[in-house]
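Just so you know, residue 1 is the first one in the sequence shown, and it goes up from there.
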Amino acid sequence: MASNEFVVTPWEVRGRVDYRKLIEEFGTQEITDELMAEIRSLTGDLPLFLRRRYFFSHRDLDLVLKDYREGRGFFLYTGRGPSGPMHIGHIVPFYFTKWLQDRFKVNLYIQITDDEKFLFKRNLSYSDVKKYSYDNILDIIAVGFDPDRTFIFENMEYPKIYEIAVQIAKKVTFSTARAVFGFDTQANIGMIFFPAMQAAPTMLERRRCLIPCGIDQDPYWRIQRDIAEKLGYYKAAAIHSKFMPALTGPEGKMSASERETAVFLTDPPESIEGKLIKYAFTGGQPTAKLQRERGGNPEICTVFKWLEIFFEEDDNNLRERYLKCINGEVLCGECKLYLAEKISNFLEKHQEKREEAKEMVRVFKYEGKLAKEKWQEAGVKPIV
Ligand code: TYM
């Protein structure tokens, strides 16, 4: 692969991603200063995910805000594929989703694609997937969503999704699915149907649906947008993030299947310092002397990027660290320790909330206001 090439699909992110080019390739829109100003005027503030342009691209976000202003409202939808323990890159879209739910006070649907991971991952058994679904739901609940406005469901449990998915599937040809997802004749037939399952939650309400997610998930929304209006629903709107870079370097993304590239939400907080010292890629010079003379490069530094994306809330602190780095006033070891402390503190709190979440699983899946409504509407009782 040439140095300027990259690949972004729902299953793979390879190379150094050029996000401007991706906007062109995918046919999405950049989040402009005007749109940000509008969000600020509606919510009173902007989270760092938007201020720092980690969420950088969208589809129909302007129409979502218009619907909100004019009283039609909208709902949120996001999800997780339970193929293993969650890492920090997976949880960031959920924090942004929480911010959106807190500010706009809207319903949120969280899809757990147990079917997807069973179908796509050769080595995952049905029971592995069920176990990861439960574990991942704990991490998601720990983010702190509104229990009355949030419904978490697993595809293999909540039958309404299948009912909507068959209506979608009937309108999507194999040739479209192949062109969008690159399926070949070796794909099992479940994989070919699956895009309809991921598109289905956009039709859980007859209002516009806004999906916060990594930009790797956009191909699903393209399929949905082709057929939604034929079925009497709105085209899905989306707000896309970049990728949290791997601990080990700026190419690709943090990935659960390559353990040294990621910090997992269940990692012991005291192990983080060692992990960062051992694996974190920085933009530093080979020696402290050269670093002091020439300065480092925060643009390619994972430590700086993680601070920028999630761990350094304070804009002034971030700017100061940037300047100190390029002026050679700070060494990489120092930045690693600073980030390690931030991550450890975050994990400590997260893991406490994760314990408490065990008591809340039934609420988010069955008993909260929205969950109860959706089960009643589906006309079936959950099997618990
Ligand atoms: P999954 O479980 O691979 O990822 C969950 C969410 O995390 C994002 N993501 C990342 N974001 C930043 N940096 C990374 N390194 C990184 N890795 C993953 C993903 O884009 C996603 O937003 N098929 C989906 C599950 C799903 C879904 C949805 C996701 C079902 N419905 C609706 C988003 C929206 C999946 O396997 O995601």
> What orientation do F96 and F55 show, parallel under 30°, tilted 30 to 60°, or perpendicular over 60°?
Replying inline: tilted
> Would you find a donor on one side and an acceptor on the other, under 3.5 Å apart, between the side chain of K242 and the backbone of R53?
Replying inline: yes
> Is the closest side-chain heavy-atom distance between Y134 and K358 below 4.5 Å?
Replying inline: yes
> Hey, is the main chain of A142 close enough, under 3.5 Å, to the side chain of R354 for a donor-acceptor pair?
Replying inline: no
> Is the shortest side-chain N to carboxylate O distance from D62 to K66 below 4.0 Å?
Replying inline: no
> Would you call R52 and E308 a salt bridge, using N to O less than 4.0 angstrom?
Replying inline: no
> Would Y234 and R207 count as having a side-chain donor-acceptor pair, cut-off 3.5 Å?
Replying inline: no
> Will you find, in the side chains of H90 and D139, an N or O donor that is under 3.5 Å from an N or O acceptor?
Replying inline: no
> Can you list the steps and then say if E356 with K353 is a salt bridge (Lys or Arg N to Asp or Glu O under 4.0 Å)?
Replying inline: CA-CA 5 Å; E356 291 161 19; K353 287 186 278 174; over 6 Å; no
> Which of parallel (below 30°), tilted (30 to 60°) and perpendicular (above 60°) describes F120 and F183?
Replying inline: tilted
> Side chains of E270 and S344: do they bring a donor and an acceptor to under 3.5 Å?
Replying inline: no
>> Y322: which residues meet the ring-ring contact (aromatic ring centres under 6.0 Å, His included) condition with it, sequence neighbours left out?
In response: F304
> Do E5 and R16 sit within salt-bridge range, that is, some charged N less than 4.0 Å from a carboxylate O?
Replying inline: no
>> Would the distance check show the side chain of S271 and the main-chain N or O of D267 forming a donor-acceptor pair, the cut-off being under 3.5 Å?
In response: no
>> Please determine whether a side-chain nitrogen of the Lys or Arg among R319 and D315 lies less than 4.0 Å from a carboxylate oxygen of the Asp or Glu.
In response: no
> Any chance NZ of K324 has more than 12 other-residue heavy atoms, nucleotides or ligands included, within less than 6.0 Å?
Replying inline: no
> Will you find, in the side chains of E157 and Y366, an N or O donor that is under 3.5 Å from an N or O acceptor?
Replying inline: yes
>> Looking only at the side chains, is there a donor atom on one of Q111 and Y158 sitting less than 3.5 Å from an acceptor on the other?
In response: no
>> Can you classify the ring geometry of W221 versus Y77 as parallel (below 30°), tilted (30 to 60°) or perpendicular (above 60°)?
In response: perpendicular
>> Does Y162, at its OH atom, have more than 12 non-hydrogen atoms belonging to other residues, nucleotides or ligands within less than 6.0 Å?
In response: no
> Would you find a donor on one side and an acceptor on the other, under 3.5 Å apart, between the side chain of R51 and the backbone of L46?
Replying inline: yes
>> When you compare the side chains of T248 and E260, does any donor N or O come within less than 3.5 Å of an acceptor on the partner?
In response: no
> Side-chain donor-acceptor pair under 3.5 Å between Q217 and Q198, yes or no?
Replying inline: yes
> Considering all heavy atoms of both residues, which atom of D216 and which atom of P219 are nearest to each other, and what is their separation?
Replying inline: O-CD, 3.3 Å
>> Can you confirm whether or not the ring centre of F49 sits under 6.0 Å from the ring centre of W99?
In response: no
>> Looking at every heavy atom in both I239 and L61, which two are closest together, and how far apart are they?
In response: CD1-CD2, 3.8 Å
>> Check this for me, if you would: do E154 and K365 make a salt bridge, where the nitrogen-to-carboxylate-oxygen distance has to be below 4.0 angstrom?
In response: yes
> Do K160 and E163 sit within salt-bridge range, that is, some charged N less than 4.0 Å from a carboxylate O?
Replying inline: yes
> Do any N or O atoms from the side chain of R149 and from the backbone of L370 form a donor-acceptor pair under 3.5 angstrom?
Replying inline: no
> Which heavy-atom pair separates V263 from K275 by the least distance, and what is that distance?
Replying inline: CA-NZ, 4.3 Å
> Within the side chain of Y109, is there an N or O that forms a donor-acceptor pair under 3.5 Å with the backbone of F153?
Replying inline: no
>> Given M254, which partner from the list F264, W306, F243 fulfils the side chain to side chain contact (heavy atoms under 4.5 Å, CB included) test?
In response: W306
>> Taking the basic N atoms (NZ, or NE/NH1/NH2) and the acidic carboxylate oxygens, is any pair closer than 4.0 Å for K21 and E24?
In response: no
> Are any side-chain N or O atoms of K171 and backbone N or O atoms of A228, one a donor and one an acceptor, separated by less than 3.5 Å?
Replying inline: no
>> For a quick check under 3.5 Å, do D115 and N155 share a side-chain donor-acceptor pair by atom type?
In response: yes
> Can a salt bridge be assigned to the pair D45 and R103 using a cut-off of 4.0 Å between side-chain N and carboxylate O?
Replying inline: yes
> Is it true that K289 and E293 have a side-chain N and a carboxylate O under 4.0 angstrom from each other?
Replying inline: yes
>> Could you check whether any side-chain N or O of D128 sits under 3.5 Å from a backbone N or O of L124, counting only pairs where one atom can act as donor and the other as acceptor?
In response: no
> Are F181 and Y220 near enough that their ring centres are under 6.0 Å apart?
Replying inline: yes
>> So that I can tick it off, tell me whether K369 and D148 are bridged by a salt bridge, with the cut-off set at under 4.0 angstrom between side-chain N and carboxylate O.
In response: no
>> Determine whether a donor-acceptor pair (N or O, by modelled atom type, separation under 3.5 Å) exists between the side chain of K98 and the backbone of D146.
In response: no
> With no hydrogens and no angle check, is any side-chain donor or acceptor of T78 less than 3.5 Å from a backbone partner on P212?
Replying inline: yes
> Does atom CD of E359 have more than 12 heavy-atom neighbours, drawn from other residues, nucleotides or ligands, at distances under 6.0 Å?
Replying inline: no
> Quick one: do the T113 and E116 side chains pair a donor with an acceptor below 3.5 Å?
Replying inline: yes
